Amino acid sequence: MKREILINAGPRETRVAILEDDRLVEVLHDRPDIRRTVGNIYLGKVEAVLPGMQAAFVDIGTGKSAFLHASDLIEPDEDDEDENGRPRRNGRRLPNIQDHMKRGESLLVQVTKEPIGTKGPRVTRQISLAGRFLVYMPYASKIGVSRKIGAREERQRLREMVGGLLPKDSGGVIVRTVAEDLTDKKVKVELKSLLDQWKKIKRKAHFVRLKAPAPVYRETSLTSGIIRDVFSDKVDRVIVDSKELLKEIKGYLRNVEPELIDRLSLAKGSEPLFDEFDIETEIQSLFDRRVDLPTGGYVIIEPTEALVSIDVNTGRYTGQKDPEKTILRTNMEATREIARQVRLRDLGGIIVIDFIDMDVAENRDKVMHELRSHLARDRARTRAFHLSELGLVEMTRQRVRPSLFDTMAGPCPACDGVGRVFRPGVVVRRLERALRRVAAERKETRLTVRVHPEVALYLMEVEPLFLKQRIKETGMDLELRDDPIIQVDQFRLMAQPAGRDVTQHYAVA
């Protein structure tokens with residue numbers, strides 16, 4: 001599979017695009033207003049300990065209090081890594097959180113999940129420092145190897161090599177996927193770097209007399225993280241549009257993997273890098289509900305507060321004679337596109353996919369196998385459950401930061417983020433009720449009613465007697481005016497002759 005990484009670096013924004021077989025599969029942004037905190041280490045102050053939830057809230061100085069669960073107090077038991085190099089945990093018995101901390105106490109924590117919506121960040125006491133080949137965990141005691149390194153002999157070799165080089169009682173280590181065929185020379189260099197980094201963090205946290213809450217360590221930038229975590233011999237090339245950034249990446253690679261430098265190049269065209277690869281158009285389409293499939297079917301993607309719902313439809317694709325084959329082909333196309341869109345939009349949490357119903361069990365198995373095989377390419381952890389009798393697939397995807405939908409877009413001021421506006425007929429009924437309230441209070445005698453042109457047109461064509469009827473009913477002098485500045489489902493009541501806006505007082509649902 002062909003893989004490419006494009007890096008567009010600007011003074012106020014850095015963007016990274018990852019392509020697989022010339023198709024965009026990931027987009028990452030780094031801007032001052034959406035600065036990433038995952039991986040950052042803070043000296044936090046415990047604000048509350050909640051035994052009933054087995055959790056605590058910790059002030060780390062970033063606004064919202066961070067959430068610390070009892071599961072993040074114990075050493076991980078799984079020898080596997082997530083896309084940030086942080087280990088997974090299993091369902092072992094949890095300690096009582098009240099036995100490990102108390103309100104007002106200062107403690108060192110690391111962010112594992114960004115603030116999302118109304119929730120603050122999530123933090124852990126199990127600190128981990130990610131290098132290119134290793135993840136050093138000062139509070140752990142085991143040496144693990146990524147399960148993505150399949151050969152048993154290689155896993156054992158790496159475990160023994162790292163164990164022999166790691167100083168006694170200095171913590172634990174996870175050997176990352178890119179470390180396959182790693183030499184002891186590179187292990188020595190990276191171990192020393194990570195141990196020195198931890199010494200600096202401890203010195204800053206305990207001997208500089210920091211007052212909690214305070215930052216102690218910040219994770220590397222987006223670009224540095226991508227080069228460290230993603231750029232390997234499985235990536236065909238990296239194209240950068242900044243000479244300064246190119247120089248910085250080359251300097252890093254010389255120390256860790258000089259053989260990859262030849263795969264790094266500077267964008268040479270006069271056209272902007274993302275325009276040259278048609279990335280900008282793809283980014284714009286990430287906010288569309290509908291995604292078309294090659295043969296005419298389509299999927300609808302609807303993010304909600306609780307979950308993301310994805311619906312598969314045949315659309316204009318009707319196939320030939322066999323409806324089961326038509327449905328299977330649409331569902332198979334949908335699995336590939338859904339796996340891609342989930343990565344592209346960085347959707348997380350619970351995802352429910354409504355495939356088109358299939359009668360043949362073998363076809364259902366084919367669809368699930370195809371879905372899981374494409375989800376396996378995702379750097380985030382995913383888990384897809386069996387296809388239900390209703391044709392639904394429940395799946396989860398690791399969520400460490402808000403989706404692109406949340407970071408790049410805000411609530412619509414017209415519909416307050418629900419994605420709908422009232423129809424003209426509904427707006428007119430709301431206006432009618434508002435005018436009756438004005439008449440009931442007998443405070444105003446003359447009003448100018450301002451509405452959107454679409455509502456004004458509705459009144460002219462559908463309810464031409466509306467204004468005369470309201471004048472007769474309320475006894476007020478009413479004037480109707482269209483105003484294109486007003487939102488389509490809004491109206492304004494202006495008291496004359498002063499021109500006071502009295503809308504807020506009378507315009508309730």
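Quantities reported herein were computed from a predicted structural model and do not represent experimental measurements. FYI, side chains are in, hydrogens and waters are out, and symmetry mates aren't considered; it's all heavy atoms of this structure.
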Under a plain distance cut-off of 3.5 Å, with no hydrogens placed, do Q284 and E280 share a side-chain donor-acceptor pair?
no

Backbone of F405 reached by a side-chain donor or acceptor of R345 within 3.5 Å:
no

Residue pairs fulfilling salt bridge (Lys or Arg N to Asp or Glu O under 4.0 Å) with at least one residue in residues 231-252, sequence neighbours excluded
E4-R237

Here the side chain to side chain donor-acceptor pair (under 3.5 Å) pairs for residues 96-108, sequence neighbours left out, are none

In Å, rounded to the nearest 0.5 Å, how long is the span from OG of S242 to CG of L266?
8.0 Å

Backbone N or O of H69 within a donor-acceptor pair of the Q54 side chain at under 3.5 Å?
no

Keeping R263 on the side-chain end and V235 on the backbone end, is there a donor-acceptor pair under 3.5 Å?
yes

Worked check of side chain to side chain donor-acceptor pair (under 3.5 Å) between T37 and N40
CA-CA 5 Å; T37 60; N40 289 359; 5.3 Å; no

Could you tell me whether the side chain of E337 and the main chain of L293 form a donor-acceptor pair under 3.5 Å?
no

Test salt bridge (Lys or Arg N to Asp or Glu O under 4.0 Å) on E20 and R343 and set out the steps.
CA-CA 12 Å; E20 293 179 354; R343 291 175 68 187; 3.3 Å; yes

Presence of salt bridge, R157 and E154, under 4.0 angstrom:
yes

Could you walk me through whether K200 and D196 pass the salt bridge (Lys or Arg N to Asp or Glu O under 4.0 Å) test, one step at a time?
CA-CA 6 Å; K200 290 178 183 178; D196 289 344; over 6 Å; no

Stepwise ring pair (Phe, Tyr, Trp, His ring centres under 6.0 Å) test for W198 and Y139:
CA-CA 11 Å; W198 175 239; Y139 297 137; 5.6 Å; yes

Going by the salt bridge (charged side-chain N to carboxylate O under 4.0 Å, His left out) test, name the single residue among R399, R379, R397 that passes it with D346.
R397

Contacts of type side chain to side chain contact (heavy atoms under 4.5 Å, CB included), residue N363, not counting sequence neighbours:
E324, L328, M358, V360, K366

Rounded to the nearest 0.5 Å, how far does CD1 of I353 lie from CD1 of I338?
4.5 Å

Derivation and outcome, salt bridge (Lys or Arg N to Asp or Glu O under 4.0 Å), residues E114 and R36
CA-CA 7 Å; E114 306 275 2; R36 296 161 180 253; 5.9 Å; no

